[in-house]
Amino acid sequence: QATIRARGAENDVEAVYEGGVIYAFPGNFIDMDRFMFVVGRHEVRHAGFDAMLGQDKDAILMSIGRANRRVALEARKLMDDGFADSFAEGVEEALADMTAEDVAALSRIKLAVAAIRRWLRATAFKLRKAGWRALADAIEPRTWSDNDVIAFVKRAEDVSRGPGGGGGAR
């Protein structure tokens, strides 16, 4: 709430990802398409960055930002406009708004792909330990190409949107 107030957004904030939870303010969305974009892609990406990139998140995001002029310019604009407190946060915001295809084409994205692979391996290990061997085998990235990992993330975003998945994607 303090961040929302500090940015003067009490009456128009649409959604916020904070502390592992996505908070949506339905009265502030102009329509369902906007809701699907903000919650179903933008905020879900923030949750995904936290979960999959872990403690390396800021370093990975800053590396991607430094290697991609378009992302760096957007990150700095967000900082100048008061919508990001750091370069890493600005890069995260910029990536959250990009299409999956545009993100996949960025320089240094292999850093994020490597972190996602580590997350998938760790999650598969936990699933096996809990007795969910078939599910663990399904997400084990041992033989996956970088494009396979990116496709997995895109599909996860689509599924997060509910029935029809990618239908609401932009």
Participant: Any idea which heavy atoms bring Ala115 and Leu53 closest together, and the distance?
Facilitator: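 Smallest interatomic distance, heavy atoms only, reads CB-CD2, 3.5 Å.
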Participant: Going by heavy atoms in the side chains, are Asp102 and Leu106 under 4.5 Å from each other?
Facilitator: no
Participant: Looking only at non-hydrogen atoms, find the nearest pair between Ala24 and Phe35 and report the distance.
Facilitator: CB-CE1, 4.2 Å
Participant: So, for Val39 and Ala15, which heavy atoms are closest and what is the spacing to 0.1 Å?
Facilitator: CG2-CB, 4.1 Å
Participant: Taking the side chain as every heavy atom from C-beta outward, state whether Arg41 and Thr99 have any atom pair closer than 4.5 Å.
Facilitator: yes
Participant: Checking Glu93 against His46: is there a side-chain donor and acceptor pair closer than 3.5 Å?
Facilitator: yes
Participant: Any salt bridge between Asp97 and Arg45, counting N to O under 4.0 Å?
Facilitator: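 Not counted as a salt bridge, because no side-chain N and carboxylate O are separated by less than 4.0 Å.
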Participant: For residues 132-143, which residue pairs pass the side chain to side chain donor-acceptor pair (under 3.5 Å) check, not counting sequence neighbours?
Facilitator: Arg128-Asp137
Participant: Taking C-beta and beyond as the side chain, do Trp144 and Leu120 meet within less than 4.5 Å on heavy atoms?
Facilitator: yes
Participant: Of all the heavy-atom pairs spanning Gly90 and Leu78, show the shortest one and how long it is.
Facilitator: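 Closest approach of Gly90 to Leu78, heavy atoms only: O-CD1, 3.6 Å.
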Participant: Are any non-hydrogen side-chain atoms of Arg117 and Asp146 less than 4.5 angstrom apart?
Facilitator: yes
Participant: Which residues pass the salt bridge (Lys or Arg N to Asp or Glu O under 4.0 Å) test with Asp80, sequence neighbours left out?
Facilitator: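 Testing Asp80 for salt bridge (Lys or Arg N to Asp or Glu O under 4.0 Å), a comparison that skips the adjacent residues, returns none.
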Participant: Between Glu14 (side chain) and Phe29 (backbone), is there a donor-acceptor pair under 3.5 Å?
Facilitator: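 No, because the side chain of Glu14 does not come within donor-acceptor range (under 3.5 Å) of the backbone of Phe29.
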Participant: Which heavy-atom pair separates Ile64 from Arg108 by the least distance, and what is that distance?
Facilitator: CG1-O, 3.6 Å
